[in-house]
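In this text the structure is predicted, and so the values were computed from the model without any measurement. Residue numbering restarts at 1 for every chain, and letters A, B, ... go by the order of the sequence lines. As a basis for the values below, the full set of heavy atoms in this structure was taken, side chains included, without hydrogen atoms, waters or symmetry mates.
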Number of protein chains: 2
Amino acid sequence: MTGRKRSRVAVRFVKTRDDHRSETAEDYVEAVADLVRLHGECRVRDLAAVMGVSHVTVIRIIARLQEAALVETAPYRPITLTPRGERLAARARHRHEIVLAFLAAIGVPEEAARRDAEGMEHHVGDRTLACMETFLAGVRDRVPAKERDV
Amino acid sequence: MTGRKRSRVAVRFVKTRDDHRSETAEDYVEAVADLVRLHGECRVRDLAAVMGVSHVTVIRIIARLQEAALVETAPYRPITLTPRGERLAARARHRHEIVLAFLAAIGVPEEAARRDAEGMEHHVGDRTLACMETFLAGVRDRVPAKERDV
DNA sequence: CAGCAGATGTAGCCGAGGCTACATTTCTCG
DNA sequence: CGAGAAATGTAGCCTCGGCTACATCTGCTG
Ligand SMILES: [Mn+2]
Ligand SMILES: [Mn+2]
Ligand SMILES: [Mn+2]
Ligand SMILES: [Mn+2]
C-alpha cells in the first residue's frame with residue numbers, strides 16, 4: 001500500500017460514489033411512478049413536495065432525466081415516464097420494497113425502517129438483495145401469513 | 001417560500017441527504033485512523049490511494065476536516081486526528097464493523113459485503129444498528145464460535 | 001373574458017467533490 | 001552536498017444538486 005497506486009480498498013469507495021450517481025434517477029422515477037399512480041399525474045410541485053426540495057431543483061433534475069430518456073415532459077405540462085423510465089422505476093421499487101421489508105423483519109420500527117431504507121437501498125447489490133430475499137422467505141415459512149401482523 | 005408544502009415522505013429524503021453530508025468526514029477519519037495504525041503515519045498520497053481519488057481532492061477535503069477540528073496537519077506534513085476526530089473515527093468504525101458482520105451473517109459473500117457496507121453504513125440509524133447487533137448476538141448464541149466459519 | 005394566484009421557468013449564486021496542469025517543497029541517494 | 005524524483009500545494013475547470021429572486025405562463029373564478 002505504501003506509496004502505491006490505487007489500493008484494492010479503493011474499489012469500495014468508487015462503487016459507493018457510483019451508487020450515488022444513479023441514486024437521483026432512481027428516486028425520481030420511483031416518485032414519478034408513485035405520483036402518477038396516486039394522483040393520475042405528476043407535476044413539478046408534487047415532486048418538490050415529495051423530495052423536500054425547491055421546484056427549481058426539480059426542474060433541473062427532470063431536464064437531465066429527459067436527456068437520459070427516462071422521463072418525458074413539455075413546458076408547463078405534467079411529467080411522464082418513458083418505457084426506460086418505467087423499467088428503472090419498477091426495478092428501483094422492487095429493491096426498495098425488499099430492503100424495507102427486510103428491515104421490518106429484523107425488528108426495525110416502521111418509521112425508522114422507512115427512513116434508513118431510503119438511503120440504504122442504493123447500496124444494496126444483487127448478492128445482498130438475494131440474501132435479503134432468502135431471509136424474508138425463511139421468515140414467511142416460519143411464520144405463516146395468518147400469524148403475521150403489520 | 002417555495003417548499004412550504006413539504007410532504008411527510010420528504011423527511012426520508014432530507015435524512016438521506018443529511019447522511020451524505022457526514023459521509024466524507026466519517027470515511028476520511030476512519031481511513032486516517034487505519035493508516036496511522038497500519039503505517040505509523042497518514043500521508044496525502046495514502047489517502048488518495050485508499051479513497052481512489054486524486055491527491056488534489058484529498059488536500060481540499062482534509063482542509064475542510066481541519067476547519068471542522070477533526071484532523072490536524074501542516075504543509076507537507078502527515079495528517080493526524082484530533083481528539084474529536086478520534087472519537088468520530090471510533091464511532092464510524094464500530095458501526096462499519098457491525099454492518100459488515102451483519103451482512104456476512106445473512107450470507108453475503110465477503111467481497112460483496114465489504115463493497116455494500118461501505119455505502120450502507122452511513123444510512124444505518126441507531127434503531128437499525130441495534131437490531132443488527134441483536135441479530136448478531138442471536139447468531140452467536142445459536143452457533144458457538146467453534147462451528148462458525150467464513 | 002379578464003385578471004389574478006399559483007405553477008412553472010430562468011438567471012445566477014453557492015458548496016461539495018471530481019479532475020488536469022503546473023509550481024513548489026521534501027527527501028533520498030549517488 | 002546537491003541533483004532529481006516524489007510528494008504536496010495551487011490554479012482553474014467541471015458536474016451535481018442545493019438555494020433565492022424574478023419572469024412568464026395557465027387555469028380559475030368572479
Ligand atoms: Mn432512495
Ligand atoms: Mn448513500
Ligand atoms: Mn466506513
Ligand atoms: Mn463508508
Steps toward side chain to side chain contact (heavy atoms under 4.5 Å, CB included) verdict (Val36(B), Thr80(B)): CA-CA 8 Å; Val36(B) 168; Thr80(B) 57; 5.7 Å; no
Give the C-alpha distance, both sets of side-chain angles, the deciding distance and a yes or no for salt bridge (Lys or Arg N to Asp or Glu O under 4.0 Å) between Asp18(A) and Lys15(A). CA-CA 5 Å; Asp18(A) 211 60; Lys15(A) 183 261 191 187; over 6 Å; no
Does the side chain to side chain contact (heavy atoms under 4.5 Å, CB included) test come out yes or no for His55(B) and Leu47(B), once each step is laid out? CA-CA 8 Å; His55(B) 77 280; Leu47(B) 278 175; over 6 Å; no
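For the segment residues 17-35 of chain A, residues with any heavy atom less than 4.0 angstrom from an atom of DNA chain C are, sorted by number, Arg17(A). Near DNA chain D, meaning a heavy atom under 4.0 Å from it, residues 54-66 of chain B has His55(B), Val56(B), Ile59(B) in order of number.
No more than 12 heavy-atom neighbours from other residues, nucleotides or ligands sit within 6.0 angstrom of CZ on Arg8(B).
A salt bridge links Arg43(B) and Glu41(B); the closest N-O separation between the charged side-chain nitrogens and carboxylate oxygens is under 4.0 Å. Salt bridge Arg114(A)/Glu118(A): absent, no basic N to carboxylate O contact under 4.0 Å. Ion pairing between a basic and an acidic side chain is recognised when a charged N comes within 4.0 Å of a carboxylate O; Glu26(B) and Arg95(B) show such pairing.
At least one donor-acceptor pair under 3.5 Å links the side chain of Thr16(A) to the backbone N or O of Arg12(A). Distance alone, capped at 3.5 Å, is enough to place a donor-acceptor pair between the Arg84(A) side chain and the Ala68(A) backbone. With Arg127(A) contributing its side chain and Gly107(B) its backbone, the two residues share no donor-acceptor pair below 3.5 Å.
Rounding to whole angstrom units, CG of residue Leu47(B) and C1' of dT8(D) are separated by 13 Å. Remark: P of dT26(D) and CZ of Arg45(A) are 15 Å apart, rounded to the nearest angstrom.
Glu86(A) pairs by the side chain to side chain contact (heavy atoms under 4.5 Å, CB included) definition with Leu81(A), not counting sequence neighbours.
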Side-chain atoms of residues 128-135 of chain A: list all donor-acceptor pairs with protein atoms under 3.5 Å, sequence neighbours left out, distances to 0.1 Å.
{"residue": "Thr128(A)", "atom": "OG1", "partner": "Asp116(B)", "partner atom": "OD2", "Å": "2.6"}
{"residue": "Thr134(A)", "atom": "OG1", "partner": "Ala130(A)", "partner atom": "O", "Å": "3.0"}

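The overall bend of the helix from dC1(C)-dG30(D) to dG30(C)-dC1(D), read as the angle between its terminal helix axes built from five base pairs each, is 0° when rounded to 10 degrees.
Taking the six-membered ring for Trp and the full ring otherwise, His123(B) and His122(A) have centroids separated by 6.0 Å or more.
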Pairs under 3.5 Å (N/O, protein and nucleotides 26-29 of chain C):
{"residue": "dC27(C)", "atom": "OP1", "partner": "Arg77(B)", "partner atom": "NH2", "Å": "2.7"}

